[in-house]
Each structure stands twice: as structure tokens, then as C-alpha cells.
Amino acid sequence: MKSTPISNKLNIVILAAGAGKRMQSTLPKVLHTLAGYPLLRHVINTARLLFPNKICIVIGHGGGMVREAIPDDDLIWITQEQQLGTGHAVMQALPHLDKVEQTLVLYGDVPLINIVTLKKLIHATNNKQCALMTAILLDATGYGRIVREMKSKTIMAIVEQKEANSEQLAICEINTGIMLLPNQYLHEWLPKLKNSNAQEEYYLTDVIGMAAKLGIEIASAQPINTWEVMGVNNKRQLAELERIYQKGRANELLEQGVKLIDPDRIDVRGSLSCESDVEIDANCIFEGTVALGKGVKIGANCILKNVTVAADTLIHPYSLIEDAEIADNCRIGPYARIRPGTRLSSKVHIGNFVEVKNSQIALGTKANHLSYIGDSIIGKGVNIGAGTITCNYDGANKYQTIIEDDVFVGSDTQLVAPVRISKGSTIGAGSTITKDTPENALTLARSKQISISGWKRPTKRTNK
Ligand code: UD1
Ligand code: CA
């Protein structure tokens, strides 16, 4: 999405100190992944689109793990030793907040908040006001309720569920938690917060009541989609948001002209770019950065991670491809495994149960069945027979196999590296090749075939 700088003076505080007990996990809540990336990573990525001049992250439970998982060096990490409430959490960031300017409060466990919605909130205010992201929910249970003055509809306070009277409980406008507050007021008000409430917590929401009492205008804005402000408290909510996110990605791809056999059965965990006439069958997973050229077709149940595939290549079902570059008009799979460091030129065929690792394979070469090709450089027009294995590892070190142009390797051959199969060589089936071969010759390395006439087959012994 195109994003124009809103204010490079904005401060952002992301609250991420909570334990997340309901996740029933030793992993801190904000490190659970959605679309392959930690919840907190999504929030940080969105926060960055506002070009803030600082992003402070309040951590607590598992803070060390959180910092390790998010190695960005421009973030300000603040430890909240005890989780004494959202107000207390923002207070920990106070020494880092500018004297003037505004602070946007985001939540590490509200991953799908959208930049357009945040811009709506920012545009709803000016430097002097406070602004709240509110939402209308059919079931407001558990949320803080937005209390407005009857006639003017001015926001007067936020009342937490546990403090609300029956009249307030009936309010269906809720506090999403996301708010924009002038730093000047935060510096004044946060130290005045009290924890004399049902949860004995310092509520950030109490600053809204303070602002209203001083006659400070409180603006509000609503998210474009309600799910943007939904938090993750348990695995069920995480799974729900994952599906919402993936549905969005699938719709984007469809709108770009990609043919998805079933938009409910695709997972994009990173960036997927597709040129025209790309077709993707059911249950494919794309991770990291994947680029598919014009006319590429991906069969069902494929997994592609950090891969580029050029025009008109077909990837047949159940193929697993990682950190590889695949040129145009290749045929891969079904059941191919292509591992990191592989580069395939045009018209290469890699068939079923073929594993390729850290190898370059030139134009038109085929390895169609049951092979292992590792640490190899293979020339043009080579045929690798079924069951061929490059023996690249001696138990301690790895060695290279070089196969020059127009080689024919017979089935069930072992090429013990380091070894060079010279141009035009033919290798007889079942050979174990340990020495370089000469050009344009037939090389065989196997015992001669003999026949024993009148051979008696063993018979089954009977127990007396
Ligand atoms: C808060 C709001 C409530 C709102 C709801 C939206 C307050 C007092 N209430 O309630 O009005 O409707 O969010 O979901 O703000 N956190 C810390 N440190 C703390 C406490 C919380 O970092 O000491 C973080 C948590 O990790 C979490 C977020 O702040 O990400 C919200 O805290 P939570 O305890 O879930 O607030 P709620 O009671 O749900
Ligand atoms: Ca919550």
C-alpha cells in the first residue's frame, strides 16, 4: 500500500507485557505467529508505515525472548517488571516520550490493525485533542464501554466491564484500546492514575475521564473492519484471525488476476508476487518472498519458500521448494524436493522423488525419477537416470560433482564426489563412478554379468 508520512513527530507505544495465560503456552503471547510472523511483528510493520519518530515496546513476560525474536535495532524496549495495568505500562515508556507531540498506543496482541484505520484515527484529531478507536459490538462483554454525554454525544469516560453499572453495561460502543494522546497530557496525567478499582490496576482508560473533566475534546474513529481491532487471547482467536488474514490475501491475489482453485485453501506467509495467468491449486503454502512468472502453474499441496519461478514453469503436486531459482519452462515434481542453493535453467525437468540441493542445472537437463543431486554443477542436455545419487559426503566433508554437457548417466549410478563426468560421457547403469571420466566414452564400473546354468534355488527348511 502507498503510504504518505502522517507525522514524523508521532511517538508509538506498543503494549506487549502481558503473559497471555490463555494461550496455554510457554511462548510469550506476542511471539505466537500469524501468517508465519510473530503477532508483534505485524504490529511493528504497520506502526512503521506511519513514519513515527520512535516506537517504544513495553515488554514483561518473556521479554528476553521477545527482544531476541525482534532484532530491529531502532526500537526502544521498555521492561515493565510487574503488570500493574495498561496505564502503568504506558507510564514505563513516559521517560522516552517527547515533551510535545502525540503518542499512539497500540497492542502487541492486536495484529491486524490496518494503516488506513490508524490514519483515520490520526485525521480525527489535531495536536490538541485525544482520540479513541472505538467499535460497535453486538456483544460488548469484557470490553471497556464508551460513556457519552446524552445530548452532545461528547465522550465523558471509559468504564471497564468490572466497574460498569447495568446502564453502562448496555452500551455497545466499546474501547478498542487503541488511542492517540497528546504527550503533554500523558506527562501530566499518568503519574496521577490511581489503582482504586475492581482490578487494582492502573487503567490507561482513566485518562479519558480526566481529559473530559478538563473539557478537552475527545475525538473518536471506527475501524474499517471490526476484526482489525480484535485481540488474540487464545488459540481459537489466533486461528480465526489467521483465516481472516489469509482470506484477505487470497482476495488480493484474485483481484490481481491470479487463478486460485480455492481461495479458502491457500496460505501466504510473507510476500507472494504473481505475473499474469498464474494458477494455484488447493492447499499451497508460500513462505518468505516468492515470485511467480507469467503462466506459472502450481499444483496442489506444494510448499514454496523464498523461491523465484520464471514464466510457464509447471510445479506438479506435492513439491517442496526452498531458497531456489527456477527458470522458465521447467517441469518440477510431483513429489520433488528442491533445497537451498539450487538454480535451474530453462526447460529443466526434475521429477518425482528427486532431491536437489545446492546445485546448478543447465538448459534442458532432466532428472526424472528417484535421484539425489547435491553440490553439483550439471551442464546442458544431460539425462540423469532413475536412482542416480551424487555421493557428496564422506562423513566429514562435502564434495562437488561436475557433469558436463550432453552426458547420459545410466540408472542407479553412484557418482562419488569429487568427480567430473566429462562432456558427452555415457555411464552404464548401476555404475559406481569414483574417478573422472573421459569425454565421449562409455564408462562402466560394475562387475561383469555371469550366468550359472542349472542353478538350484534354496528351498524352505522344514522343522522335524
Ligand atoms: C483493555 C482496556 C479496555 C478495552 C480492552 C480492549 C484498560 C484498563 N482497559 O482491557 O477498555 O476494551 O483493553 O481489548 O486499558 N498490558 C501490559 N501491561 C499491563 C497490562 C496490560 O503490557 O500491565 C497489555 C497486555 O499485554 C495487552 C494489553 O495491554 O496486550 C491490554 O491488556 P488487558 O489486560 O488485556 O486489558 P483489558 O482488561 O482487556
Ligand atoms: Ca484484553
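Predicted, not measured: the structure shown is a model, and the values here were computed from it. One-based numbering, in listed order, for ligands and for the atoms of each. In this chain, numbering begins with 1 at the start of the sequence shown. We use all heavy atoms of the structure for the numbers below, so side chains are in, but hydrogens, waters and symmetry mates are not.
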Looking at every heavy atom in both L97 and N11, which two are closest together, and how far apart are they?
CA-OD1, 3.6 Å

Need the ligand 1 atom indices (1-based, order shown) with element for anything under 4.0 Å from a heavy-atom of D109.
27 (C), 30 (O)

Could you tell me if T134 and R148 have a donor-acceptor pair between their side chains, going purely by distance under 3.5 Å?
no

dist I350:CD1 -> E355:CD (nearest 0.5 Å) comes out at 11.5 Å

Under-4.0 Å salt bridge between D109 and K29
yes

Less than 4.5 Å apart, any side-chain heavy atom of T365 and any of I403?
no

As an exercise, identify every atom of ligand 1 less than 4.0 angstrom from a heavy atom of Y203.
8 (C)

Carboxylate-amine/guanidinium contact R249 E252, below 4.0 Å:
yes

For ligand 1, which part of E201 has a heavy atom less than 4.0 Å away: the side chain, the backbone, both, or neither?
neither

Tell me the contacting part of Y107 for ligand 1: side chain, backbone, both, or neither, using a 4.0 Å heavy-atom threshold, strictly below.
side chain

Enumerated ligand 1 atoms positioned under 4.0 Å from heavy atoms of T176:
6 (C)

Examine L204 against ligand 1 and note whether any of their N/O atoms are separated by less than 3.5 Å.
no

Give the atom numbers and elements of ligand 1 that come within less than 4.0 Å of a heavy atom of T86.
7 (C), 8 (C), 15 (O), 20 (C), 21 (C), 29 (O), 31 (C), 32 (O)

Can you sort out which atoms of ligand 1 are near L15, meaning under 4.0 Å from one of its heavy atoms?
22 (O), 24 (C), 29 (O), 30 (O)

Those atoms of ligand 1 less than 4.0 Å from some heavy atom in T205
7 (C), 8 (C), 9 (N), 11 (O), 15 (O)

Ignoring hydrogens and angles, state whether a donor on the side chain of S346 or N329 is under 3.5 Å from an acceptor on the partner side chain.
no

Do any nitrogen or oxygen atoms of E160 come within less than 3.5 Å of a nitrogen or oxygen of ligand 1?
yes

Which option out of G85, G177, A135 puts a heavy atom nearest to atom 19 (C) of ligand 1?
G85

Which of these passes side chain to side chain donor-acceptor pair (under 3.5 Å) with Q83: H88, H61, E201?
H61

Within a radius of less than 6.0 Å around NZ of K21, do more than 12 heavy atoms belonging to other residues, nucleotides or ligands occur?
no

Of all the atoms in ligand 1, which lie at a distance below 4.0 Å from a heavy atom belonging to A17?
17 (C), 18 (N), 22 (O), 26 (O)

What atoms of ligand 1 come within less than 4.0 Å of a heavy atom belonging to L84?
23 (O)

Geometry only, no angles: is I158 polar-contacting ligand 1 at N/O separations under 3.5 Å?
no

